[in-house]
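What follows is a short report on a single structure.
Computed from heavy atoms alone, side chains included, the values below leave out hydrogens, waters and symmetry copies.
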Amino acid sequence: MYSNIQLPSTNTVVSAAASLAATAVLVRSFAKDFLPHELSQYFFLKFQNLLTAFSNEVTLVIDEFDGLNKNQLFHAARLYVDTIVNPSTKRFRATLPEKEKAIHVSVGGNEEITDKFCGFKLKWRMVIKETQARYAPYPDEFHSTLKSEFRYLELTFHKKHKDKVFNEYLPYVLERSKAVKEEKKTLKLHTLRNDRMHGLRGNPWQAVNLDHPANFGTLAMDDEIKKTIVDDLDRFQKRKEFYRKVGKAWKRGYLLFGPPGTGKSSLIAAMANYLNFDVYDLELTDLRGNSDLRKLLISTANRSILVVEDIDASIDLSKRSTAAPKPSPPFFHQNQGPKITLSGLLNFMDGLWSSCGDERIIIFTTNHKEKLDPALLRPGRMDVHIHMSYCTPCGFKMLATNYLGITGHPLILEAEALIASIKVTPAEVGEQLLKSDDHELALRHLIKFLEHKKETERVRDENLEMTKREVPNVEKMAEGSKNLTTCKTSDGLQELIKIAKASPAVKREKIPSKDEAANALKILMEFLEAEIGTKNVEDSDPNLGPSVATLSESGKEEGIKTE
């Protein structure tokens with residue numbers, strides 16, 4: 001039956017295919033040159049829909065921007081796609097972002113990547129198209145940049161897996177992208193922008209790389225204290241669901257207190273390196289009010305450490321509500337005093353606004369813990385109090401290892417004995433160890449410094465003890481002088497009362513001469529002004545007798561005190 005059918009030759013098939021392709025190119029060129037863009041786009045979409053009607057595949061489009069805002073799903077998927085590069089991938093893209101050290105390699109545009117999930121296949125494709133130049137938000141959302149390309153991701157899969165893709169695969173992509181972001185993350189130290197007041201929106205922070213090398217292995221602290229801090233940080237990171245269950249914001253407050261030079265900043269850097277958290281350095285004196293404090297709290301990222309150094313010197317902690325200074329013209333904000341109140345700071349720490357974010361560490365530092373309001377110190381605000389003490393023998397061993405690379409030396413024991421008997425900070429010890437590359441010479445410099453410091457402290461203590469012994473004698477002399485003055489004043493007053501009540505003959509005998517009377521009246525007036533005020537003297541009877549008698553009665557009831 002089929003023996004009479006003649007198949008076309010190979011040349012005929014190739015010729016027909018070439019003619020068809022040429023016709024298609026001609027039609028496309030004709031449509032591009034003579035048909036309006038809208039009409040050609042319409043026919044293209046109709047043709048694409050026709051092909052889709054016969055296909056079992058579904059395509060999900062993820063745009064780079066959602067209106068004027070960045071599409072977080074796009075950036076998460078972009079990170080994820082770079083982790084599933086296939087051996088067949090031939091197009092890559094390499095970049096070196098500003099302030100970064102590592103080169104970032106990603107999949108190039110219009111490259112198709114295949115992925116597998118729960119036994120079925122999915123295809124990713126980054127589509128990059130040239131478009132009309134437009135302004136798009138910059139990564140820090142403070143400025144905008146000119147973009148001349150339009151980017152989006154296409155995810156293609158079989159339509160029967162649509163529910164699994166939406167409900168399981170996309171959440172998996174988000175979680176995986178977070179892990180990738182943490183692996184590639186470069187720690188940043190954020191500080192407030194000087195020009196932040198000029199932007200109505202935008203991020204008020206600017207960042208630099210945090211290259212501080214401190215870690216818990218090199219901190220000059222007692223091992224037990226370091227272990228306590230590390231255990232607390234580990235427990236905090238694992239308790240997301242616990243914090244949610246008990247109804248608390250997922251944050252932790254630390255207070256680092258102690259004299260300057262005891263390693264508070266190094267401990268903060270060690271915590272950041274251990275947790276892989278960015279650090280936000282908040283200077284309260286740069287803020288105009290409590291509202292600025294709330295805005296800054298909202299703009300800090302999750303998984304970060306917010307640091308407020310020298311909290312006792314930043315704002316007035318004496319009252320919960322301190323009257324704010326009178327407003328000045330807009331261009332003189334830098335001349336105003338701080339307007340942050342204690343009440344605003346407390347709300348910032350554990351009020352409603354403190355829940356605007358997850359997995360945050362808030363650290364306050366101070367050199368004078370006793371100056372802080374008790375309301376700041378309670379759990380929920382400053383949960384962990386860490387005393388950064390003077391250098392200990394255990395801490396000195398760590399410093400000797402870090403600076404000199406040695407663990408045993410006869411001079412180390414001598415230095416340890418001196419350190420145990422005086423107050424010296426780790427910063428002072430480190431400075432002495434830096435004076436020479438020779439181990440023995442550096443240790444001798446340190447021992448000489450410690451001996452001088454010990455002698456200085458001994459002389460100071462002796463002078464202080466001598467002053468304490470002299471103070472009681474001075475106080476007794478002052479008390480005796482005061483009693484003598486009171487006695488003389490009282491005796492003189494009683495004598496005047498007797499003269500006022502005496503007979504005229506006695507008065508003539510007792511009344512002093514003109515000069516003596518003038519001096520006596522001057523002393524009396526000073527006394528009256530000090531005890532009952534000028535007003536009472538002016539309102540009293542011109543006759544001194546009754547006025548003095550009234551003052552005497554008042555003195556009997558209330559007691560007469562003179563300075």
Side-chain angles (χ1 to χ4, degrees), residues 37-38 41-42 44-45 48 52 58-85 91-100 104-113 115 122-157 162 165-167 169-182 184-186 188 190 193 195-196 198-207 278 295 298-304 356-357:
H37 175 72
E38 292 78 6
Q41 193 71 13
Y42 172 78
F44 175 76
L45 291 176
Q48 199 172 36
T52 304
V58 176
T59 300
L60 175 66
V61 177
I62 306 175
D63 293 319
E64 183 178 7
F65 291 95
D66 180 16
L68 295 177
N69 299 318
K70 294 189 297 184
N71 185 355
Q72 300 299 327
L73 181 57
F74 172 86
H75 295 281
R78 190 78 179 88
L79 287 173
Y80 174 76
V81 168
D82 292 338
T83 66
I84 56 172
V85 175
R91 188 179 181 86
F92 296 92
R93 187 175 186 177
T95 58
L96 181 60
E98 186 179 0
K99 299 180 181 179
E100 297 286 345
H104 292 188
V105 178
S106 57
V107 178
N110 301 310
E111 186 79 18
E112 191 173 277
I113 304 294
D115 191 20
L122 307 96
K123 290 183 293 185
W124 287 97
R125 189 165 74 97
M126 167 67 81
V127 181
I128 301 177
K129 293 183 177 180
E130 296 294 327
T131 183
Q132 184 177 359
R134 61 170 183 166
Y135 282 95
Y138 213 61
D140 62 2
E141 298 181 359
F142 191 73
H143 301 291
S144 59
T145 184
L146 194 64
K147 303 275 292 185
S148 60
E149 64 180 23
F150 176 66
R151 303 191 304 170
Y152 61 90
L153 284 167
E154 286 185 347
L155 177 60
T156 305
F157 51 91
K162 183 170 64 175
V165 169
F166 290 165
N167 298 328
Y169 182 67
L170 291 181
Y172 165 75
V173 170
L174 288 175
E175 290 299 321
R176 182 73 184 107
S177 68
K178 288 181 182 178
V180 173
K181 187 176 181 180
E182 286 298 313
K184 296 182 177 181
K185 180 177 179 180
T186 300
K188 300 289 185 180
H190 300 262
R193 290 182 179 274
D195 56 350
R196 67 187 184 279
H198 298 293
L200 298 178
R201 299 178 60 190
N203 192 339
W205 301 96
Q206 59 183 355
D278 285 349
K295 292 175 183 177
I298 294 173
S299 63
T300 57
N302 294 338
R303 295 180 59 80
S304 61
C356 300

Ring pair (Phe, Tyr, Trp, His ring centres under 6.0 Å) involving Y169 - partner list, sequence neighbours excluded: F117
With sequence neighbours excluded, residues passing side chain to side chain donor-acceptor pair (under 3.5 Å) with S304: none
Those residues that, when tested against E175, pass salt bridge (charged side-chain N to carboxylate O under 4.0 Å, His left out) (two or more places apart): K178
Check: L170 and L60 side chains under 4.5 Å, non-hydrogen atoms: yes
Residues that Y80 engages under ring pair (Phe, Tyr, Trp, His ring centres under 6.0 Å), provided they are two or more places apart: Y172
Qualifying residues under salt bridge (charged side-chain N to carboxylate O under 4.0 Å, His left out), relative to K123, sequence neighbours excluded: E57
Pairwise distance CG(L155) to CD1(I113) - rounded to 0.5 angstrom: 12.5 Å
Partners passing side chain to side chain donor-acceptor pair (under 3.5 Å) against E154 (at least two apart in sequence or in another chain): R125
Distance (rounded to the nearest 0.5 Å) between T59 OG1 and F157 CZ: 8.0 Å
CG-CH2 distance between L153 and W124, expressed to the nearest 0.5 angstrom: 6.0 Å
Set of residues satisfying side chain to side chain contact (heavy atoms under 4.5 Å, CB included) with respect to L174, sequence neighbours excluded: L73, A76
Side-chain heavy-atom pair W205, R193 within 4.5 angstrom cut-off: no
Salt bridge (charged side-chain N to carboxylate O under 4.0 Å, His left out) partners for D82, two or more places apart: R78
Pairwise side-chain contact, E64 with N71, heavy-atom cut-off 4.5 Å (strictly under): no
Pairwise distance CD1(I62) to CE(M126) - rounded to 0.5 angstrom: 10.0 Å
All side chain to side chain donor-acceptor pair (under 3.5 Å) counterparts of T83, not counting sequence neighbours: none
Set of residues satisfying side chain to side chain contact (heavy atoms under 4.5 Å, CB included) with respect to D66, sequence neighbours excluded: none
Heavy-atom side-chain contact between D278 and K185 under 4.5 Å: yes
Under the salt bridge (charged side-chain N to carboxylate O under 4.0 Å, His left out) test, residues paired with K295 that sit two or more places apart: none
